[in-house]
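Throughout, a chain's letter reflects where its sequence line sits, starting with A, and its residues are numbered from 1.
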Amino acid sequence: MPVHNSEIAETFEHLADLLEILGANTFRVRAYRNAAHTIRDLPRNAAEMVATGEDLSELPGVGEDLADKIAEIVETGKLGLLEETIQKVPETLTQLTTVPGIGPKRAKALLEALDVRSLDDLKEAAEAGKIAGVSGFGEKSEQAILHELAQARDVERRFRISTAEDFAEPFLAYIRKHNNVKKAIIAGSYRRRKETVGDIDILVTATNGKEVVEHFVGYEEIDQIISKGTTRSTVVLRSELQVDLRVVPEVSYGAALHYFTGSKPHNIQVRRRGVERGLKINEYGVFKGEERIAGRTEEEVYDTVGLPYILPELRESRGEIEAAESGELPTLIQLADLRGDLHAHTNESDGKSTLKEMALAAKELGHDYLAVTDHSKNARIAGGLDERRLRKQMEEIDRLNEEVDGIQILKASEVDILDDGRLDHPDEVLEDLDLVVCSIHSGFNLSESKQTERVLRAMESRYFHILAHPTGRLIGKRKPYPIDLEKILEAAKERGCYLEINSTPARLDLDDVHCRMAKDMGVKIAISTDAHSTSGLSNLRYGVDQARRGWLEPDDVLNTRSWSALSKLLARS
DNA sequence: GCCGTTTTCGGCCCGACTGTTTTCAGTCG
């Protein structure tokens with residue numbers, strides 16, 4: 001059973017959590033977390049690197065010791081040090097640190113004073129009134145713990161970016177109404193356009209922080225006020241979305257925006273460059289001794305550490321600092337670069353809108369072309385089209401293209417990849433289509449090797465153009481099915497096939513890391529909506545966000561091209 | 001445990017808020 005990067009990362013994270021509780025050197029703990037971050041985002045399979053004898057200590061944050069530990073995990077499926085550590089501290093003790101207000105120190109204190117080993121133990125102790133007696137805790141702490149436990153709030157809950165937008169944008173508009181507020185912007189992972197966000201970070205510039213905080217906590221959607229000071233505050237909305245506010249003076253805007261946008265590892269890298277140059281960088285500015293030398297804009301902050309401006313989507317500590325230093329930052333794709341949409345449904349299968357409605361809506365968005373890709377017959381629940389109905393739709397598209405100017409409708413299909421890797425339409429139909437989008441809608445529980453083989457076989461068809469939603473995941477609902485994307489990408493490169501970023505906010509499939517992998521391997525990507533109604537066509541921006549996080553440039557994306565240029569690229573021998 | 005144009009030891013990003021404390025540790029972002 002091959003070990004995945006995420007498993008190695010989780011092993012290190014788990015060990016870091018336990019070591020932290022044991023009071024280990026914080027820098028040692030951080031080293032495990034840094035390595036976990038590196039491995040998690042690695043655009044290669046660490047297990048394969050071990051197998052081929054590559055030197056993992058070349059990786060950032062991975063030295064001799066951790067390289068050996070990675071090899072141990074890959075070869076044995078476990079880590080001896082983690083097993084030993086679990087002997088010293090209950091494995092479930094880390095559950096306690098998921099309760100807001102309880103960190104590693106207090107978790108350990110509770111273990112030692114009351115033998116609290118799990119969330120259940122914690123609840124019992126709190127209800128029995130034993131917590132308040134523990135040194136460092138008091139009446140308020142006990143009440144706070146009881147309150148948190150009663151909330152049963154899923155602390156790990158993350159919101160899809162589109163959902164977060166629905167709650168965050170009205171709140172931001174409310175904040176802007178206060179006449180003391182000059183600038184107000186949402187920073188954090190939201191600004192980095194991450195596919196999910198854990199909370200919302202709002203940055204405000206104002207002369208009187210206290211007034212702004214008062215206004216902030218007066219928002220009608222607030223369920224709970226966690227903290228409230230003169231420059232910062234944290235609340236939880238009724239939607240369970242946590243929102244942090246930070247108020248800084250105007251001269252600190254750039255430094256605060258940089259600090260508050262993150263990511264944390266990116267910030268640490270930037271600050272370290274500051275330290276190397278004798279500078280201190282915090283949310284108020286860049287300081288040389290007592291003197292503020294920069295901080296009004298983010299550009300200024302980067303400039304003081306010898307870097308050009310780095311776009312928020314790139315700030316994940318995935319090599320962007322090094323790329324910036326050597327002048328090799330990508331020119332990221334923008335929504336306006338896209339000239340059409342290559343995946344959309346009509347009411348002929350499971351869409352809501354008619355062919356003509358979809359065509360007119362795409363034209364309205366400024367598209368030059370729209371591929372109509374209704375399902376094939378295997379997708380019965382989705383009302384998939386058999387050959388006869390598809391032929392009929394193709395004729396309708398011909399008629400529509402005569403009738404409507406300013407948009408070209410492409411004859412296409414989203415063809416099921418059957419369990420054995422065959423495509424769900426005969427070649428005689430496929431050869432008459434402008435575009436063939438292929439995807440998996442059944443048999444999610446095949447083994448990784450079988451699933452991979454299935455797609456590789458499908459790609460042998462000369463009519464196979466684009467692999468849609470390549471991992472089948474639904475964010476927060478369904479994990480990706482096991483599939484070896486590195487092999488798929490190799491085959492795609494070899495055979496002239498392409499992969500999709502599905503822009504549906506619940507999918508965003510490929511994800512950012514695999515987009516980057518595709519780019520590095522020279523496989524171009526289609527950014528498509530998979531719209532099932534006219535309104536779904538405007539989801540393209542979420543796909544663009546994901547593409548930008550994957551470092552994609554206009555040339556890396558299929559549908560930045562005119563249809564005549566794109567059709568040449570699609571022609572296979 | 002990592003790392004190096006202040007290198008093989010001695011550093012390692014930085015500050016606000018809370019609660020339990022009498023000056024600060026713990027937590028969080």
Side-chain angles (χ1 to χ4, degrees), chain A residues 12 15-16 19-21 23-38 56-70 81 96-110 131-145 148 155 187-189 197-203 209-210 213 225-235 242-248 252 255-256 258-287 295 301 305-306 317 325:
Chain A
F12 283 166
L15 182 55
L19 288 174
E20 196 170 32
I21 290 173
N25 179 318
T26 55
F27 300 108
R28 184 177 170 219
V29 173
R30 189 185 299 167
Y32 279 102
R33 294 202 202 286
N34 287 342
H37 174 259
T38 296
L56 277 85
S57 70
E58 296 284 309
L59 299 172
V62 178
E64 290 292 319
D65 183 87
L66 290 183
D68 286 347
K69 287 194 168 74
I70 291 169
L81 180 60
L96 266 55
T97 63
T98 64
V99 178
I102 299 183
K105 295 286 191 321
R106 304 183 108 189
K108 191 176 183 214
L110 290 169
I131 304 276
V134 180
S135 169
F137 291 79
E139 205 48 55
K140 281 200 170 178
S141 305
E142 184 164 280
Q143 289 310 313
I145 287 167
E148 287 299 338
V155 289
S189 51
V197 300
D199 61 7
I200 294 293
D201 304 300
I202 300 181
L203 174 68
K210 207 169 175 205
V213 169
I225 298 170
I226 306 263
S227 74
K228 186 177 105 169
T230 56
T231 65
R232 91 186 289 178
S233 174
T234 297
V235 299
Q242 179 172 313
V243 184
D244 297 325
L245 172 77
R246 192 66 192 264
V247 187
V248 298
S252 300
H258 179 258
Y259 157 76
F260 227 18
T261 297
S263 69
K264 201 169 170 184
H266 174 91
N267 285 356
I268 289 173
Q269 263 190 290
V270 169
R271 284 178 175 169
R272 192 178 295 145
R273 287 178 71 93
V275 172
E276 286 165 9
R277 288 164 175 73
L279 304 172
K280 184 174 73 169
I281 301 175
N282 60 29
E283 55 265 56
Y284 298 110
V286 180
F287 296 87
V301 175
V305 295
S317 193
E325 189 158 39

Less than 4.0 angstrom between a side-chain N/O of [X] and OP1 or OP2 of [N], yes or no?
X: A/N282; N: B/dG15; result: yes
X: A/K228; N: B/dA16; result: no
X: A/Y284; N: B/dA16; result: yes

Using a 4.0 Å heavy-atom cut-off, write out nucleotides 19-29 of chain B from 5' to 3' as B (base contacted by protein), S (sugar-phosphate only) or - (no contact). SSS----SSSB
Does A/V275 or A/G229 map to a spot on DNA chain B nearer the 5' end, using the closest nucleotide for each?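 On the 5' side of the pair lies A/V275.
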Reading DNA chain B from 5' onward, which residue's closest nucleotide shows up sooner: A/Y32 or A/T230? A/Y32
Taking any heavy-atom pair under 4.0 Å as a contact, classify [X]: base, sugar-phosphate, or nothing.
X: A/K69; answer: sugar-phosphate
X: A/R30; answer: base
X: A/V62; answer: sugar-phosphate

Considering only side-chain heavy atoms of A/T231, which listed nucleotide, B/dA16, B/dC12, B/dC14, is closest? B/dA16
Does A/F12 have A/R33 sitting over its ring (NZ/CZ under 6.0 Å from centre, angle to axis within 45°)? no
Does A/A67 have any side-chain contact (heavy atoms from CB on, under 4.5 Å) partners at least two apart in sequence or in another chain, and if so, which?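 Checked A/A67 against side-chain contact (heavy atoms from CB on, under 4.5 Å); matches are A/L56, A/S57, A/V62.
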